[in-house]
2 protein chains.
Amino acid sequence: MSPPTIQWLNGRVKLIDQTQLPNELKYIICRDVEALWQAIRRLSVRGAPALGVAAAFGVLLGIKTFRGNNRRKFEEHIKKVSAYLASSRPTAVNLFYGLEEMKKVVAVHPSASVAQLKKHLHQRAMELYEEDRRVCRRMGDFGAELIRSGDRVMTVCNAGALATVDYGTALGVMYSAKRKGKKFSVYACETRPLLQGARLTAWELLRGGIDTTLICDNMAATLMKQGKVDRIFVGADRIAANGDTANKIGTYNLAVLAKHHKIPFYVVAPLSTVDFKTKSGKQIPIEERHSSEVTHFGQRLTAPLKVKVYNPAFDVTDHQLITGIVTEKGVICPPFEKNIKKYAFNSR
Amino acid sequence: MSPPTIQWLNGRVKLIDQTQLPNELKYIICRDVEALWQAIRRLSVRGAPALGVAAAFGVLLGIKTFRGNNRRKFEEHIKKVSAYLASSRPTAVNLFYGLEEMKKVVAVHPSASVAQLKKHLHQRAMELYEEDRRVCRRMGDFGAELIRSGDRVMTVCNAGALATVDYGTALGVMYSAKRKGKKFSVYACETRPLLQGARLTAWELLRGGIDTTLICDNMAATLMKQGKVDRIFVGADRIAANGDTANKIGTYNLAVLAKHHKIPFYVVAPLSTVDFKTKSGKQIPIEERHSSEVTHFGQRLTAPLKVKVYNPAFDVTDHQLITGIVTEKGVICPPFEKNIKKYAFNSR
């Protein structure tokens with residue numbers, strides 16, 4: 001199992017620097033909220049659930065420097081810190097979920113002092129950290145039931161330990177299936193432009209002792225046609241109320257291919273990934289990143305310098321293409337609009 | 001327009017070294033058949049039609065060293081040279097077509113001397129070179145009729161001047177459309193692992209003054225969903241008798257996406273790309289290349305060293321997914337099995 005992707009350690013945030021993998025397992029220590037913002041922006045820490053925990057830890061970093069006992073000023077300070085953290089990346093809703101959960105702490109303790117609020121906020125951030133660990137293992141157990149021995153499963157990007165505190169969503173399903181003694185193999189799509197599949201997923205699956213084959217994104221269709229893909233598991237950055245799912249660019253591509261080849265396609269995500277304010281995928285903001293991610297490899301230019309580039313970091317998969325959504329409360333099947341609500345608001 | 005990709009010059013073969021693009025426009029001079037074989041193998045020259053001409057020039061290089069007047073020995077020598085060249089790459093049928101055309105020269109001159117045969121072979125190679133130039137322009141003219149002003153077209157890999165003597169198949173269509181005054185733009189899929197789309201297609205389209213946007217292969221689906229792709233043009237390495245088409249890996253992916261989004265999908269290839277001995281795509285041998293193409297970028301490792309890799313260089317697109325095949329005799333529509341024969345064997 002991988003070491004924790006993100007930790008709160010003596011008033012600082014300790015992160016695996018994912019830009020250095022698979023070559024080096026290095027850590028970054030963020031002492032202030034600006035350092036964490038930069039780490040999020042340059043993808044040293046990424047993955048929707050990990051960003052939720054990072055946001056909560058970011059609030060803790062932000063309030064460290066607040067002096068005095070003026071609660072109103074403290075609340076304003078928290079708002080400012082939250083708005084700053086929210087500006088780091090626009091698509092993954094878990095980041096906003098983490099911030100919202102911290103704001104709720106303030107709201108439910110209307111007469112607490114600044115010192116007491118700081119304590120409550122710290123406690124809530126730690127709960128979110130533990131919640132992620134627990135929830136990922138639950139999703140893993142539900143999802144593992146979908147894998148049969150002999151299966152060849154496919155995934156894209158990294159929805160693993162490195163995208164969460166320490167277990168993963170789509171890859172958590174694979175870790176749980178392995179624990180249950182199932183034998184299966186994984187095709188990891190490399191995930192251009194930043195190769196999270198090659199750099200991160202292949203790295204952590206091999207560490208986990210799982211039989212893994214790396215492919216370029218454009219090879220998935222051929223494997224499906226050859227009958228070599230039994231099911232697909234992907235993560236999610238935001239799920240709209242109707243089930244439309246934003247995830248790493250290339251996910252929608254796989255979903256269309258899965259439909260054509262009649263292969264089950266599962267999204268694995270905690271219920272905190274559902275954004276009920278977003279009715280359908282059309283309303284999900286999609287982050288576009290710098291052209292140099294596509295035109296350069298490291299420092300090396302691999303395209304004409306003057307070419308235009310379109311570089312969306314995410315795409316949206318229509319709910320009609322999704323077989324099921326694996327959550328910590330079970331596998332949600334269509335009709336998603338109705339069933340997501342049922343799972344989210346019924347205690348199970 | 002690009003300079004010739006391949007030329008016969010003073011008893012040598014002069015090639016653009018495509019592994020150096022887009023950073024440098026450098027040439028390689030091949031003085032013997034071994035040097036040419038290596039250039040083909042490491043993809044300094046690639047693209048099905050260019051390989052056909054390269055094969056013919058390779059025979060010329062091979063017979064340079066033959067001494068004496070013994071015709072039987074000369075024929076054996078040609079056979080050996082041809083078998084050697086045929087071993088360079090397995091999928092593109094044009095390479096075998098070039099070799100076959102050279103062997104036919106020997107067959108149709110049963111009483112020619114070695115010296116006469118050398119002259120005839122030289123003449124036939126030059127004809128194949130000129131034929132490629134002529135045929136590409138004819139395909140371009142037929143294909144250009146399919147482009148309307150305002151279109152956004154998509155292509156994959158490089159089916160351009162760099163894949164032929166100097167004009168291109170799929171990109172030739174775009175050059176012809178531009179000459180006819182049509183305004184359109186192109187999305188070039190970068191084409192992992194070797195980035196022929198980014199390195200070669202973007203380079204030559206920009207030189208040709210065509211509005212070009214580079215994307216990663218996994219972004220094509222999103223553009224199609226947004227309604228930003230009006231039609232797709234791709235090249236071909238081998239077309240089976242039933243219309244199934246082998247082309248660069250990722251082509252089949254695009255074809256499935258095109259079907260899902262109801263976008264016309266055209267293959268552009270000379271009739272010499274049709275292999276009537278191959279009944280369907282299932283019989284086309286698919287070259288698998290070294291794992292380091294996927295795990296490394298230049299010298300830099302971008303995946304765990306021990307990960308398994310699947311790296312097919314081509315895929316096969318079922319004829320059912322193809323809207324039309326643009327050839328030098330016109331656009332072939334379904335049913336392909338019947339119509340390909342009609343176009344290939346009727347003089348037009």
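A note on names: the letters A, B, ... follow the listed sequences, proteins ahead of strands, and every chain is numbered from 1. These figures come from a predicted structure and were not determined experimentally.
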Interchain contact, B:Lys248 with chain A, by part (heavy-atom threshold 4.5 Å): neither
Between B:Thr201, B:Leu21, B:Asp318, B:Thr295, the one whose heavy-atom pairs under 4.5 Å with chain A are most numerous: B:Asp318
In terms of heavy-atom pairs under 4.5 Å with chain A, which of B:Thr251, B:Leu205, B:Leu301, B:Leu254 leads?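 The answer is B:Leu301.
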Applying a criterion of heavy atom separation less than 4.5 Å, what residues of residues 279-292 of chain B form contacts with chain A? none
Around atom NZ of B:Lys182, are there more than 12 heavy atoms of other residues, nucleotides or ligands at under 6.0 Å? yes
Which residues in residues 184-199 of chain A have a heavy atom less than 4.5 Å from any heavy atom of chain B?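 Near chain B, by residue number: A:Glu190, A:Thr191, A:Arg192, A:Pro193, A:Leu195, A:Ala198, A:Arg199.
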Using a heavy-atom distance cut-off of less than 4.5 Å, which residues of residues 209-231 of chain A contact chain B?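 Checking residues 209-231 of chain A against chain B gives A:Asp211, A:Thr212, A:Thr213, A:Leu214, A:Ile215, A:Cys216, A:Asp217, A:Asn218, A:Met219, A:Ala221, A:Thr222, A:Leu223, A:Lys225, A:Gln226.
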Given a strict heavy-atom distance threshold of 4.5 Å, which part of A:Pro304 is in contact with chain B: side chain, backbone, both, or neither?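 When you check distances to chain B, atoms from both the backbone and side chain of A:Pro304 fall under 4.5 Å.
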Examine whether an atom of A:Val316 lies under 4.5 Å from a heavy atom of chain B, and if so say whether it belongs to the side chain, the backbone or both; otherwise answer neither.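 Both backbone and side chain.
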Kindly say whether B:Thr302 contributes a backbone atom to a donor-acceptor pair with the side chain of A:Asn23 at under 3.5 angstrom? no
Inter- and intrachain pairs under ring pair (Phe, Tyr, Trp, His ring centres under 6.0 Å), touching residues 227-265 of chain B, at least two apart: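 Qualifying pairs: A:Tyr252-B:His261, A:His261-B:Tyr252, B:Phe233-B:Tyr266.
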Any idea which of A:Ile249, A:Leu200, A:Val256 has the most non-hydrogen atom pairs under 4.5 angstrom with chain B? A:Ile249
